[in-house]
Amino acid sequence: MANQAFQTPKGTKDVLPPESARWEALITTFASVVERAGYGLVHGPMFEDIGVFRRMGEGTDVVRKEMYDFHDKGGRHVALRPEGTASIVRAFVQHRPVVPWKVWYATPVFRYEEPQSGRLRQHHQLGVEALGSDDPDLDVEVIVLLHDYFAALGLRQVDLVINSMGTPQDRKAYAEAVRSFLRHRLGDLSPEDREKVEAHPLRVLDSKRPESQAVTAEAPRMLDLLSDAAIAQFERVQAGLASAGIEFTVDPRLVRGLDYYTHTTFEFRSQALDAAQNTIGAGGRYDGLVESLGGPPTPGVGFGSGIERVLLSCDAEAVFAVQPRAVQVFVCDLTGGDAARDLTTELRRAGIAADRAFGARSLKAQMKAADRSGAKLAVLVGPDELARGVVTLRDLQSSEQTTVDRAELMVRVERYRGGASVAGLGGGAAPS
RNA sequence: GUGGCCGUAGCUCAGGCGGUUAGAGCACCAGGUUGUGGCCCUGGAGGUCGGGGGUUCGAGUCCCCUCGGCCACCCCA
């Protein structure tokens, strides 16, 4: 292991320029979609008392085996967030904001898993949570936001699947119904699924194993057991989606991995992703979660969407290409560096994006750097300009060049940005 | 956690059966133009062949271990 260079921990990635420009644009797009709907940004700790996350469901894989948990130096048992919702709910319980409380977040999330395409140990989620109303129109609002975010990115090959888990009582009764049904068909299930029957009967429903699917096809259907109130709720959601012009399919076997969901659950899947991980955004209603974290009975609904997977989908559909923001002006200095140092500062303070080369390189090298920077305009200062109190402006696309008084530089650059050509900047001097 | 494939310069890749100083393209740097980019030409820098151990006269090439990547299961964003 001698001299083995450090690298990102397994299942994590660095996001560097120019790719990071895409992340910025993605988050900006998301923010504009949800803030338009009245959602405010929440920042919070990346780790919580482990109890906060255990409320996601003691039987879930995320809680049982994927949490990055540890004891800190004070003996507190804490965990890195494995998802966004529980922390938001904890914040709600702690601060008791007025309802409806509509917030959004952008956060890394951590799960100890075997990495593969679209699955990392640290990935990043954008999400919203809306607490304090059980109005199904809020479910619709949240789903529409996620849909419109994908649309804003240019994604087209996205399918929406929805289901209802009913009230907490419905969910419990249904789990019992499925369990007793499966008990009689144990022999027909795949061995792996057999073990889930007692602890986690609903998980068997979305098993991909053919033999299990044959069994679950005949299992009691959630939608047949829903209470009247839950059915009304679910129908209102469907009507709202239809009214928003959003296509969806109802899949009675859609069971999400976290136990807190009640009523509406939904998943957006990218058809452009052939990987096993094609869910790019998912969520649902969680009417019992606030209470289980010590708050007053408060309904809630929200979703999370993985940035990495969404970007993978964008790649697959060849949409949402983002150009990194280039500087506008590049200063080349042959006088020892004073001009580069002072002019870039002056330009930047005037609100103009400017860059320069360092280390007293040849003009050729500096021009090359100017070209690479993407700047439209180069400012050249050599001994000649210095002596005359002028600077040379060069349009890097047309190669037009002129000289202007140094004192006039800011005005000239502003005029150039306003659309004037370099030649028209009228310093009077001929190109040298 | 289980199984399969893979790991050579910053990037994409060559390196027949193990055999002398490990190559190319792109990118980077310098020169060709005593003060000028994008094209072209020339040159340069950059690698303990993921890491460790073993077999052998000799290993990038074979074996073992390990780390990492990809894929499937599982799970999920």
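Protein chains get the first letters and strands the later ones, always in sequence-line order, with residue 1 at the start of each.
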Atom-to-atom span, [atom1] of [X] to [atom2] of [N] - whole angstrom:
X        : N     : atom1 : atom2 : result
A/Leu254 : B/C76 : CG    : P     : 11 Å
A/Lys364 : B/U34 : NZ    : P     : 9 Å
A/Phe330 : B/U36 : CZ    : C1'   : 13 Å
A/Met67  : B/C75 : CE    : C1'   : 15 Å
A/Arg111 : B/C74 : CZ    : P     : 17 Å
A/Leu393 : B/G35 : CG    : P     : 20 Å
A/Glu308 : B/C76 : CD    : P     : 18 Å
A/Leu312 : B/C71 : CG    : C1'   : 14 Å

Checklist entry - When the ring planes of A/Phe110 and A/Tyr68 are compared, do they come out parallel, tilted or perpendicular, using 30° and 60° as the limits? => result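 Perpendicular: the ring planes of A/Phe110 and A/Tyr68 meet at over 60°.
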Checklist entry - Relative to the ring of A/Phe268, is the ring of A/His147 parallel (under 30°), tilted (30 to 60°) or perpendicular (over 60°)? => result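 Because their plane-to-plane angle lies in the 30° to 60° range, the rings of A/His147 and A/Phe268 count as tilted.
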Whether [X] contacts [N] is assessed here as follows: a side-chain N or O lying under 4.0 Å from the phosphate OP1 or OP2. Is that the case?
X        : N     : result
A/Arg372 : B/C29 : yes
A/Arg361 : B/A30 : yes
A/Lys13  : B/C70 : yes
A/Ser117 : B/C71 : yes
A/Arg203 : B/C74 : no
A/Gln116 : B/A72 : yes

Charged N to carboxylate O below 4.0 Å: is that the case for [X] and [Y]?
X        : Y        : result
A/Asp315 : A/Arg22  : yes
A/Arg341 : A/Glu346 : no
A/Lys368 : A/Asp371 : no
A/Arg185 : A/Glu218 : yes

Checklist entry - Among B/C75, B/C29, B/C76, which is the nearest nucleotide to the side chain of A/Lys368? => result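 Among the listed nucleotides, the one closest to the side chain of A/Lys368 is B/C29.
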Checklist entry - If you check the A/Asp384 side chain, which of B/G35, B/G31, B/G69 turns out closest? => result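 Of all the options, the side chain of A/Asp384 is nearest to B/G35.
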Any base atoms under 4.0 Å from [X], or only sugar-phosphate, or nothing? Heavy atoms, all strands.
X        : result
A/Leu396 : base
A/Gly281 : sugar-phosphate
A/Leu120 : base
A/Gly84  : nothing
A/Ser399 : base
A/Glu114 : base

Say we look at [N] and [M]: how far apart would their [atom1] atoms be, to the nearest angstrom?
N     : M     : atom1 : result
B/A14 : B/G37 : C1'   : 33 Å
B/G1  : B/G16 : C1'   : 41 Å
B/C57 : B/G15 : C1'   : 23 Å
B/U12 : B/G54 : C1'   : 33 Å
B/U20 : B/C13 : P     : 26 Å
B/G46 : B/A22 : C1'   : 14 Å
B/C6  : B/G60 : C1'   : 15 Å
B/C70 : B/A30 : C1'   : 39 Å

Could a donor-acceptor pair under 3.5 angstrom be found where the side chain of [X] meets the base of [N]?
X        : N     : result
A/Arg309 : B/C76 : yes
A/Asp371 : B/G38 : no
A/Arg119 : B/C75 : yes
A/Gln401 : B/U36 : yes
A/Glu66  : B/G1  : no

Next on the checklist: Which residue is it: A/Tyr39, A/Phe30, A/Phe303? I am looking for the one with a ring pair (Phe, Tyr, Trp, His ring centres under 6.0 Å) to A/Trp104.
Outcome noted: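 Looking at A/Tyr39, A/Phe30, A/Phe303, the match for A/Trp104 under the ring pair (Phe, Tyr, Trp, His ring centres under 6.0 Å) is A/Phe30.
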Item to check | Of A/Phe268 and A/Arg394, the one whose closest RNA chain B nucleotide lies more 5' | outcome: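 Residue closer to the 5' terminus by nearest nucleotide: A/Arg394.
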Checklist entry - Which residue lies toward the 5' end of RNA chain B, A/Thr279 or A/Lys65, if each is placed at its nearest nucleotide? => result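 Going by which nucleotide is closer to the 5' end, it is A/Lys65.
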Next on the checklist: Looking at A/Ala354, is its backbone amide N or carbonyl O close enough to the side chain of A/Arg348 to form a donor-acceptor pair, meaning the two atoms are under 3.5 Å apart?
Outcome noted: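 Indeed, once roles are kept as given, a pair shorter than 3.5 Å links the two residues.
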Item to check | Paired nucleotide for B/G3 [Watson-Crick or G-U wobble; both distances under 3.5 Å] | outcome: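 Its partner is B/C71.
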